[in-house]
Amino acid sequence: MITIYHNPRCSKSRQTLQLLVDKGIEPDIILYLETPPDKATLTTLLGKLGLSARQLLRKGEAAYKENTLKNPDLSDEQLIDFMVKHPKLIERPIVINGEKAALGRPPEAVLEIL
C-alpha cells in the first residue's frame with residue numbers, strides 16, 4: 001500500500017498525487033494538516049526518508065521564524081516536537097511504500113520507491 005502525506009493546497013503535493021494516479025496507484029491519502037503525525041510516526045518517517053529533522057523543516061513558514069528554529073543548538077527531538085505541534089513545518093509531500101519513503105520534491109523523486 002502506498003501512502004501520501006498530502007496538502008491539497010500545495011502544487012508539488014498535487015503534482016505528486018497526480019503522478020501516482022497516472023501510474024495506476026490509488027494511494028492512501030493522509031491530509032497531514034488535519035491529521036498530523038505523532039512524534040513516533042514522524043520519527044519513523046524521518047528514518048525511512050534518511051533525513052534529519054532539520055532537513056524536513058519548511059524554513060519559509062512563520063512558525064519556523066517565530067520559534068527561532070534556525071538555532072543550531074536545537075536537537076532533532078526538539079525539532080520533531082515543533083513539527084508535531086505545527087504540522088505546517090513538515091515539508092511535503094511524503095510518499096511511503098513499505099519501508100521506503102521519498103519526498104516529492106520534485107514529484108518524480110517518488111518514482112524510485114515505487
Side-chain angles (χ1 to χ4, degrees):
M1 184 68 193
I2 308 286
T3 301
I4 182 171
Y5 281 82
H6 179 59
N7 178 351
R9 296 189 66 197
C10 170
S11 64
K12 294 294 181 201
S13 197
R14 290 192 309 270
Q15 290 168 10
T16 301
L17 178 57
Q18 189 61 53
L19 178 68
L20 294 172
V21 171
D22 290 348
K23 293 280 183 191
I25 298 168
E26 292 294 329
D28 181 27
I29 299 170
I30 298 174
L31 300 174
Y32 74 95
L33 294 178
E34 295 174 17
T35 310
D38 61 20
K39 187 173 185 172
T41 301
L42 195 50
T43 301
T44 299
L45 283 173
L46 286 167
K48 289 180 181 187
L49 288 164
L51 298 175
S52 70
R54 189 164 299 284
Q55 290 173 303
L56 195 62
L57 279 172
R58 292 181 54 81
K59 294 166 182 68
E61 293 295 328
Y64 181 85
K65 295 172 183 105
E66 291 165 2
N67 292 289
T68 59
L69 299 183
K70 186 177 181 178
N71 180 349
D73 294 331
L74 293 173
S75 68
D76 269 12
E77 185 173 348
Q78 289 170 307
L79 295 174
I80 290 167
D81 287 340
F82 277 106
M83 285 189 272
V84 168
K85 188 175 178 181
H86 305 281
K88 277 188 174 184
L89 288 168
I90 303 169
E91 189 62 85
R92 61 194 178 244
I94 300 170
V95 176
I96 303 144
N97 183 7
E99 292 304 311
K100 299 182 253 176
L103 193 56
R105 293 192 166 268
E108 296 77 20
V110 304
L111 295 175
E112 64 189 49
I113 66 161
L114 301 181

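Owing to the predicted nature of the structure, the values given are computational and were not obtained by experimental measurement.
Panel note: side chain R105, backbone R92; a donor-acceptor pair is recorded below 3.5 Å.
Nearest heavy atoms, K23 versus L111: CE-CD2, 3.7 Å. G98 and K48 make their closest contact through O-NZ, 2.9 Å (heavy atoms, listed as atom of the first residue, atom of the second, distance). Here the closest non-hydrogen pair linking T16 and P93 is OG1-CG, 3.4 Å. The shortest heavy-atom contact between S52 and Q55 is N-OE1, 2.7 Å. The nearest pair of heavy atoms linking L89 to E61 is CD2-CB, 4.0 Å.
With salt bridges taken as basic N to acidic carboxylate O contacts below 4.0 Å, one links E77 and K39.
Under the side chain to side chain contact (heavy atoms under 4.5 Å, CB included) test applied with I2, the options L114, D28, V110 reduce to a single match, L114.
Cluster annotation: I30 and M83 are assigned to the same hydrophobic cluster (Ile/Leu/Val/Met/Phe/Trp/Tyr, side-chain heavy-atom contacts under 4.5 Å, transitive). Under a hydrophobic clustering in which Ile, Leu, Val, Met, Phe, Trp and Tyr are joined whenever their side-chain heavy atoms come within less than 4.5 Å, directly or via other members, L19 and I29 fall into the same cluster. Hydrophobic clustering (side-chain heavy atoms under 4.5 Å, transitive across Ile, Leu, Val, Met, Phe, Trp, Tyr) groups L103 together with L79. Note on L51: it does not cluster hydrophobically with V95, by side-chain heavy-atom contacts below 4.5 Å among ILVMFWY residues. Taking hydrophobic clusters as Ile, Leu, Val, Met, Phe, Trp and Tyr residues chained together by side-chain heavy-atom distances below 4.5 Å, L17 does not share a cluster with I94.
Separation of atoms CG (L42) and CZ (F82) is listed at 13.5 Å; rounding is to 0.5 Å. Distance check: I90 CD1 to L57 CG gives 9.0 Å after rounding to the nearest 0.5 Å. Here the straight-line distance linking atom NZ of K12 with atom CD of E91 works out to 10.5 Å at 0.5 Å rounding. Here the NE2-CG distance, from H6 to L20, works out to 10.5 Å after rounding to the nearest 0.5 Å. Expressed to the nearest 0.5 Å, how far NZ of K59 lies from CG of L69 amounts to 9.5 Å. Distance check: D81 CG to N67 CG gives 11.5 Å after rounding to the nearest 0.5 Å.
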(message) As a quick check of understanding, evaluate side chain to side chain contact (heavy atoms under 4.5 Å, CB included) for Q78 and D73, giving each step before the final call.
(response) CA-CA 10 Å; Q78 289 170 307; D73 294 331; over 6 Å; no
(message) For a side chain to side chain contact (heavy atoms under 4.5 Å, CB included) check, start with the C-alpha distance between I80 and L46, then their side-chain angles and the critical distance, and finish with the verdict.
(response) CA-CA 10 Å; I80 290 167; L46 286 167; 3.6 Å; yes
(message) Set out, in order, the CA-CA distance, both residues' side-chain angles and the distance that settles side chain to side chain donor-acceptor pair (under 3.5 Å) for D38 and T41, then state yes or no.
(response) CA-CA 5 Å; D38 61 20; T41 301; 2.7 Å; yes
(request) Could you walk me through whether N7 and L31 pass the side chain to side chain contact (heavy atoms under 4.5 Å, CB included) test, one step at a time? (result) CA-CA 6 Å; N7 178 351; L31 300 174; over 6 Å; no
(request) Output, in order, the C-alpha distance, side-chain angles, deciding distance and verdict of side chain to side chain contact (heavy atoms under 4.5 Å, CB included) for I96 and Y5. (result) CA-CA 8 Å; I96 303 144; Y5 281 82; 3.3 Å; yes
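Within the 4.5 Å cutoff, the side chain of P27 has no heavy atoms near those of the T3 side chain.
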